[in-house]
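Scroll down for the structure; my scribbles are underneath it.
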Amino acid sequence: MNKKKVRFMCTAFRDGFQSVYGARVFTSDFLPAVAAAKEAGIDYFEAGGGACFQSFYFYCGEDAFAAMDAFRATVGPDANLQTLARGVNVVGLESQPSDIIKLHAELFKKHGITTIRNFDALNDVDNLIYSGQCIVDAGLKHQVCVTLMELPPGCAGAHDAAFYTKTLRQILDAGIPYDAVCFKDASGTAVPSKVYETISEARLMLPEDTFIHFHTHETAGIGVSANMAALDAGADAIDLSMAPCSGGTCQPDIIVMWHALRGSDYDLGIDIDKIRDAEEVFKECMADYFLPPEAVAVEPMIPWSPMPGGALTANTQMLRDNGIMDKYPDMIKAMREVVEKGGFGTSVTPVSQFYFQQAFNNVMFGPWERIAAPYGQMVLGYFGKTPVAPDPSVVEIAAQQLELEPTTQKPLERNDADPNKGVEPARKQLREAGLEETDENIFIVAACQDKGLAFLKGEGEIGVRKVEKEQKEEAPTDGPAHYAITVDGRRYAVAIDDDTATVDGRRFQVSLEQSTESTDVAAPSSPTPKAGDGTPVPAQMPGKVIRHLVQVGDHVEAGEGIIVLEAMKMEMPVTAPVGGTVADILVHAGDQVADGQVLARIS
């Protein structure tokens with residue numbers, strides 16, 4: 001019996017990393033595994049884009065374009081290297097103007113990419129038209145997407161086969177050029193029967209030779225059965241990963257899918273022993289990385305709280321950074337309401353991040369007391385049209401808090417008219433910082449903003465989590481002594497070299513001496529406030545100080561911003577509880593602060 005050859009893309013080195021390690025992985029650590037996968041016969045890889053693009057600059061101190069070049073050099077000229085793009089958002093959380101969208105496609109082509117998978121989380125086809133054309137014009141293959149998910153039980157509205165085929169019809173009617181069609185389920189919640197119905201209807205709509213690709217995750221435990229349903233419906237390709245970045249929040253493992261297909265009419269066309277060998281190499285490469293327990297488990301509650309695998313561990317990593325991982329179960333429970341009231345955008349980045357940010361705020365500050373700006377902009381229409389109308393009460397709260405009116409203007413039109421977005425504003429930032437005005441640097445600043453600029457200035461931070469070795473090594477007698485120090489759940493890489501301490505890449509002059517005092521003495525990180533020093537301004541949540549909005553001596557009104565903290569990829573202004581004069585500011589940019597810590601005082 002002739003079996004149908006099933007094509008698959010190996011997602012281990014992009015979605016796998018995002019779904020397990022929050023995309024915090026050094027390139028040099030995983031390239032041997034890429035080489036081993038190539039030797040095993042794999043020639044179709046996901047090689048960048050999505051959250052991994054920003055993560056190189058935010059957490060790894062590396063250049064994403066250099067990583068793409070290294071990937072291409074490792075696999076050779078013939079492999080199909082694919083990246084992920086978010087329509088008008090390209091590879092960021094914020095939508096972009098036309099010139100940056102065009103530059104994205106041109107630069108990814110320049111740096112060795114073959115194919116771009118392009119989606120819009122709202123399934124707003126207007127957001128795919130220009131971005132898709134730019135991909136094709138740059139000489140890349142365009143895999144256009146319809147995004148899927150299962151609504152939480154008890155919810156209704158969109159996200160059925162009729163909605164998905166309607167979206168596909170809109171793509172075809174818009175004349176968007178494409179080389180393949182992908183049905184992308186980032187949360188792994190779309191039930192197999194719906195997958196089968198959707199792809200069966202799509203197969204009838206599309207030209208006979210259209211290449212159909214299906215993407216899912218194992219987060220809800222149905223990834224293998226969903227893949228089988230897609231293949232039975234006529235899909236040509238699926239996405240699979242490799243251990244240790246497989247199963248759980250990731251795609252099903254290649255070996256698991258090979259086993260599931262035994263005795264069927266389908267064949268992956270692989271040498272299973274070579275795949276096993278490649279996975280052993282990969283496990284060795286990643287042996288010293290911290291493996292979050294939630295990344296390798298099926299989560300039965302995901303259908304009620306559709307958090308995609310690629311966002312789940314990225315967010316738990318940030319919760320660990322801020323010492324509030326204990327709040328995670330409450331945030332997952334809060335997801336259902338923000339999905340239901342937000343208009344049922346598909347839970348895939350960036351919308352999944354908007355959902356989690358709002359769930360985070362609802363847990364930390366009280367339900368709907370503080371609207372996360374991106375979530376609020378989404379329900380107000382600033383990212384496009386949601387599948388169903390958002391809850392009117394939430395729209396009203398968002399409009400009041402963000403001081404924005406609802407809009408139906410297309411994001412691309414608005415961004416093209418925004419003088420603060422685009423190539424020229426990014427070029428100006430580079431010029432003012434004395435940095436080279438290359439196309440790559442322009443795109444880095446446009447897509448990564450302040451953190452991209454910090455990276456280019458050599459001020460980036462390292463946030464890669466590795467496990468501490470069990471064997472204790474003696475401090476070296478020459479050269480710096482290296483330590484891993486964990487404070488309030490956050491891990492710091494520290495090197496001591498004489499009177500210089502380097503903490504996560506930042507250098508400080510220090511003095512070390514043996515103390516005869518009790519070790520219970522608290523570190524004087526900030527002055528102890530005295531009675532009469534004024535009204536304290538406390539942090540309402542843990543986070544990192546990004547910038548000061550005022551200086552000592554400035555007069556402020558009650559509710560005016562004093563300091564900006566960053567947490568969960570959000571900037572949170574800390575406001576003055578009373579009017580008065582800023583008497584003292586007790587923290588500096590870059591400081592990690594705890595919930596309730598006094599940041600300033602007002603007299």
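Every heavy atom of this structure was used, including side-chain atoms; hydrogens, water molecules and symmetry mates were not. For the single chain, residues carry numbers from 1 onward in sequence order.
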Start with the C-alpha distance between Asp43 and Arg7, add both sets of side-chain angles, then the distance that settles salt bridge (charged side-chain N to carboxylate O under 4.0 Å, His left out), and finish with yes or no. CA-CA 10 Å; Asp43 61 0; Arg7 289 277 289 154; 3.2 Å; yes

Regarding His142 and Asp179, do their side chains bring together a donor and an acceptor under 3.5 Å, going by distance alone? no

According to the interplanar angle, ranging from 0 to 90°, do the rings of Phe45 and Phe13 count as parallel (below 30°), tilted (30 to 60°) or perpendicular (above 60°)? tilted

Take the angle between the ring planes of His213 and Tyr44 and call it parallel below 30°, perpendicular above 60°, tilted in between. perpendicular

Could you label the plane-to-plane angle of the Phe354 and Phe383 rings as parallel, tilted or perpendicular, counting under 30° as parallel and over 60° as perpendicular? tilted

Taking side chain to side chain contact (heavy atoms under 4.5 Å, CB included) as the criterion, tell me which of Leu268, Ile275, Val224, Thr11 meets it with Leu240. Leu268

Note: Cys52 and Phe56 closest approach over all heavy atoms is O-CD1, 3.1 Å

Quiz question: by atom type and distance under 3.5 Å, do the side chains of Asn362 and Gln358 form a donor-acceptor pair? yes

Among all residues two or more places apart in sequence or in another chain, which pass the side chain to side chain donor-acceptor pair (under 3.5 Å) test with Lys451? Glu566

Heavy-atom pair with the smallest gap, counting every atom of Pro387 and Ala158: CB-CB, 3.8 Å

Keeping to residues at least two apart or across chains, list the side chain to side chain donor-acceptor pair (under 3.5 Å) pairs with something in residues 219-232. Asp232-Tyr266

Which residue, Arg117, Gln82, His217, forms the side-chain hydrogen bond (donor to acceptor under 3.5 Å, both in side chains) with Asp239? Arg117

Is a side-chain donor-acceptor pair under 3.5 Å present for His111 with Glu440? yes

Please verify the inter-ring angle class for Tyr289 with Tyr21; under 30° counts as parallel, over 60° as perpendicular, anything in between as tilted. tilted

Apply salt bridge (charged side-chain N to carboxylate O under 4.0 Å, His left out) to residues Glu279 and Arg276 and explain how you reach the verdict. CA-CA 5 Å; Glu279 291 206 1; Arg276 290 174 61 191; over 6 Å; no

Does a side-chain N-to-carboxylate-O contact under 4.0 Å join Asp236 and Arg203? yes

Ignoring hydrogens, what is the shortest heavy-atom contact between Ala190 and Asp185? Give both atom names and the distance. N-OD2, 2.9 Å

Where is the tightest heavy-atom contact between Met331 and Ala359, given as atom of each residue plus distance? O-CB, 3.6 Å

Is a side-chain donor-acceptor pair under 3.5 Å present for Thr167 with Asn123? no

Classify the ring geometry between His159 and Phe344 as parallel (under 30°), tilted (30 to 60°) or perpendicular (over 60°). perpendicular

Considering only residues two or more places apart or on different chains, which pairs with a residue in residues 16-28 satisfy salt bridge (charged side-chain N to carboxylate O under 4.0 Å, His left out)? Arg24-Asp321

Of all heavy-atom pairs between Ile222 and Pro192, which one has the smallest distance, and what is that distance? CD1-CD, 4.1 Å

When you compare the side chains of Asn361 and Tyr375, does any donor N or O come within less than 3.5 Å of an acceptor on the partner? no

